[in-house]
Amino acid sequence: MDQTERSLRRLTKRSQFLRAARGNRAGRSAFGLQAIASSEAAPGIGFTVTKKTGNSPERNRIKRRLRAAVTACADDFHPSHDYVLVGRREALGESFSRLVADLTTCIARVHAPKSPDKPNTHGRAGHRNTRP
RNA sequence: CCAGUUGACCGGGUGGCCGCUGUCGGAUGGGUAACUGUCCGAUGGAGGAAAGUCCGGGCUCCAUCGAAACACGGUGCCGGGUAACGCCCGGCGGGGGCGACCCUAGGGAAAGUGCCACAGAAAGCAAACCGCCGGUCUUCGGACAGGCAAGGGUGAAAGGGUGCGGUAAGAGCGCACCGGGCGACCAGCAAUGGAAGCCGCACGGUAAACCCCACCGGGAGCAAGACCAAAUAGGGAUGACGCGGGGCUUCGGCCCCAGCCUGUUUCGAGGCCAGAUCAUCCGGGUUGGUUGCACCAGGCGUCCUGGCAACAGGCGCCGCAGAUGAAUGGCCACCACGUACGCACUCUCGGGUGCGUGCCCUACAGAACCCGGCUUAUAGGUCAACUGGCAUU
RNA sequence: GGCCACGUGGCGGAGUGGUGACGCAGCGGAUUGCAAAUCCGCGUACUCCGGUUCAAUUCCGGACGUGGCCU
């Protein structure tokens, strides 16, 4: 199968979500992002919104807006990683451009090195330079 | 014009860019397989409640020869509609509203049982606490044996009400009116309504208390059920059975002999156990896919016929969601609606109209096997019929 | 998606037609030099809305919330 860089996998299994919850996290008001290295080549994306967030039209709408934001910045996802987006209620009121900007910075934060005393961005910059 | 009642309907629109998913047609790949990917074109894609899961069905499996009875549960004025219903329509009784209209689980309490707390003398067979009345006795305070149920008091409820007569005091004791019971007969399919006449009045409430009567109901649910593939394991239980020779045979087996011997046990025996073979049955845990699954009590109509209506029959047209970490959307622009503020004009305070800016960019809410209902949530708007009031003609 | 069960004080938890126990916690008092322990006393909506009944936490219907089971 021809695996282009843009094609994304969808996470569907409970075990995949639990695995991603052990990885690095970053949060904004509209969503939380979890990421972990994976054996698959294509990046995997999963969405989850808890029942506490609202009723089903609101939960569906949150997932749709996040899905649209993910396709808008699909190139930012690193290969061989799984991502899980945890939807929050604020995703309903946030403007779409703000949503995309937040998602881009969160992806960067998740891949930044963990040690706080050494805010090294070389590795991340190297990755970003490979893209056009 | 104002206030209101009932019924029906709508539930943002247009354009652009980027996507999701079903079906059909074509092209081309992948997988051991069940199956499935990619591209192109055409075409479809949430609701009036999709919700709650409160009723009724279809469908599937289980049980059952079939049915009935008992138990349990439900329903409950009458007639009709319906596949069916606890739903709908029409009518009746009761209650509310000036009215249009609204509400109403509304069978049986003289078949039986239970309960009616507190208060009160007494809570259901009637009786008599304070009282009233005359009589006898009296120490003049009252006591005794009778008559009575009007008045007081209690209570949610006290065995008809008001008035007059009557009486020792009273009482349906008598009478008038009202209420109540039985009710020939009349109207109606019926519920029920009307009603001559009779009865001084016997019969409190509660059945969403047990119960009686009539009718209905077998249970579970599409995570029902059917099939396929992979994989764990050659699992467990029961039964039959060794090899050889001979005889009989309906060719399935049966009988005789005691030669051979995998293990173990035994005084001993293919007698038992285990192993091996065959047959039948049972089961754990792990996933994935297909089907069930979208053409049927189907939808629509200024249509026709019957009916007050619910609805039924006919005619014509249409094919109308099928997801599974779960599609039906994301963003932008304009318009309409709503709302807040400001300005201007007008006016019977209220309010109305126009312009600008901001907000919400819509309320309630998302199909999950499918239908018929009920209930609950719902911004705002439209239409029709009717009622009351004011003004005018 | 389907099928069940349960809502009583701040918490746990009886009661089931006649106004509600009990324990822990809290508050006040007694005791003590001061506390603890002990003793006495106190309070708070029976989840909500209708109906039946003279009377409902209880019976009936509806709503809301919480929890469980089935692949």
Side-chain angles (χ1 to χ4, degrees):
Chain A
M1 252 200 288
D2 187 20
Q3 196 77 278
T4 67
E5 198 183 332
R6 282 183 63 92
S7 72
L8 303 171
R9 276 181 307 115
R10 177 65 68 79
L11 305 182
T12 57
K13 291 284 171 295
R14 176 174 166 78
S15 57
Q16 294 173 316
F17 281 83
L18 292 177
R19 209 175 68 84
R22 294 200 304 264
N24 292 347
R25 295 163 183 248
R28 274 288 191 270
S29 62
F31 56 86
L33 180 68
Q34 303 168 342
I36 196 164
S38 155
S39 57
E40 296 280 333
I45 306 289
F47 301 92
T48 181
V49 185
T50 62
K51 225 169 196 174
K52 273 195 306 188
T53 310
N55 56 20
S56 53
E58 287 173 341
R59 294 200 304 271
N60 282 347
R61 193 172 158 78
I62 288 168
K63 277 192 271 189
R64 283 167 185 154
R65 295 198 78 191
L66 290 179
R67 216 178 301 153
V70 162
T71 49
C73 51
D75 291 345
D76 290 355
F77 291 104
H78 294 207
S80 304
H81 279 80
D82 280 349
Y83 301 85
V84 168
L85 278 160
V86 182
R88 305 227 173 90
R89 202 179 169 75
E90 284 72 14
L92 290 172
E94 208 72 62
S95 74
F96 189 69
S97 54
R98 176 83 187 280
L99 221 55
V100 174
D102 281 354
L103 183 59
T104 311
T105 58
C106 274
I107 293 169
R109 282 240 308 274
V110 151
H111 285 287
K114 261 187 168 178
S115 53
D117 55 349
K118 197 175 152 195
N120 190 355
T121 54
H122 292 347
R124 189 167 61 89
H127 264 103
R128 289 176 83 86
N129 287 347
T130 58
R131 289 187 295 104

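A note on names: the letters A, B, ... follow the listed sequences, proteins ahead of strands, and every chain is numbered from 1.
- The nearest whole Å value for the distance from the CD atom in A:E58 to the C1' atom in B:U362 is 13 Å.
- Nearest nucleotide to the A:R67 side chain, out of B:A326, B:A46, B:A367: B:A326.
- For B:G252, the base is syn relative to its sugar; the glycosidic angle is within 90° of 0.
- The residue among A:P57 and A:K63 whose nearest nucleotide of RNA chain B lies closer to the 5′ end is A:K63.
- Between the CD1 atom in A:I45 and the CZ atom in A:R67 there is a gap of 12.0 Å [rounded to 0.5 Å].
- A:H81 and A:H78 have perpendicular rings, their planes meeting at more than 60° on a 0 to 90° scale where under 30° would count as parallel.
- At least one side-chain nitrogen or oxygen of A:R65 sits closer than 4.0 Å to the OP1 or OP2 atom of B:C331.
- Look at CD1 on A:I62: it is 14 Å from C1' on B:G366, rounded to the nearest Å.
- Within the shown strands, B:U14 is the pairing partner of B:A333 under the Watson-Crick or G-U definition, both distances less than 3.5 Å.
- Judged purely by atom type and a 3.5 angstrom limit, A:R61 has no side-chain atom pairing as donor or acceptor with the backbone of A:A91.
- Atom CG in A:N60 sits about 11 Å away from atom C1' in B:A367, given to the nearest Å.
- Residue A:R64 has its side chain nearest to B:A46 when only B:A367, B:A326, B:A46 are considered.
- B:C370 adopts an anti glycosidic conformation, its chi angle falling more than 90° from 0.
- OP1 or OP2 of B:A365 has at least one side-chain nitrogen or oxygen of A:N55 nearer than 4.0 Å.
- When heavy atoms are screened at a 4.0 angstrom cut-off, A:S97 is found touching no nucleic acid atom at all.
- With a 3.5 Å ceiling on both atom-pair distances, the Watson-Crick or G-U wobble partner of B:A237 is B:U280.
- Summarising the geometry of A:R109 relative to A:A26, their closest heavy-atom pair is NH2-CB, 3.9 Å, with the distance given to 0.1 Å.
- Note: CZ (A:F96) to P (B:A333) measures 14 Å, nearest angstrom.
- Within the shown strands, B:G263 is the pairing partner of B:C273 under the Watson-Crick or G-U definition, both distances less than 3.5 Å.
- Glycosidic conformation, B:A46: syn, with the torsion inside 90° of 0.
- B:G19 makes up no base pair with any nucleotide shown, lacking Watson-Crick or G-U wobble contacts both under 3.5 Å.
- The P atoms of C:U58 and B:C369 are separated by 37 Å, rounded to the nearest whole Å.
- Nucleotide C:C39 forms a Watson-Crick or G-U wobble pair with C:G29, both donor-acceptor distances falling under 3.5 Å.
- Protein atom CZ of A:R59 is 14 Å distant from nucleotide atom P of B:A51, rounded to whole Å.
- Regarding the sugar-base torsion, B:G48 falls in the syn class, its angle being within 90° of 0.
- For the pair A:F47 CZ and B:G330 P, the interatomic distance rounds to 14 Å; values are reported in whole Å.
- Of all non-hydrogen atoms in A:A30 and A:L99, the two that sit nearest each other are CB-CD1, 3.6 Å.
- When both distances must be under 3.5 Å, the Watson-Crick or G-U wobble mate of B:U324 does not exist.
- Note: A:R25 CZ to A:I36 CD1 = 10.5 Å, rounded to the nearest 0.5 Å.
- Here the side chain of A:R28 pairs no donor or acceptor atom with the backbone of A:L103 at under 3.5 angstrom.
- Distance check on atom C1': B:A128 versus B:G174 gives 26 Å, rounded to whole Å.
- Taking syn as a glycosidic angle within 90° of 0, B:G141 qualifies as syn.
- Close to B:G330, at under 4.0 Å from its OP1 or OP2, lies a side-chain N or O of A:R61.
- For the pair A:A68 and A:S56, nearest-nucleotide mapping onto RNA chain B gives the more 5' position to A:A68.
- Rounded to an integer number of Å, the gap from A:L92 CG to B:G329 C1' is 14 Å.
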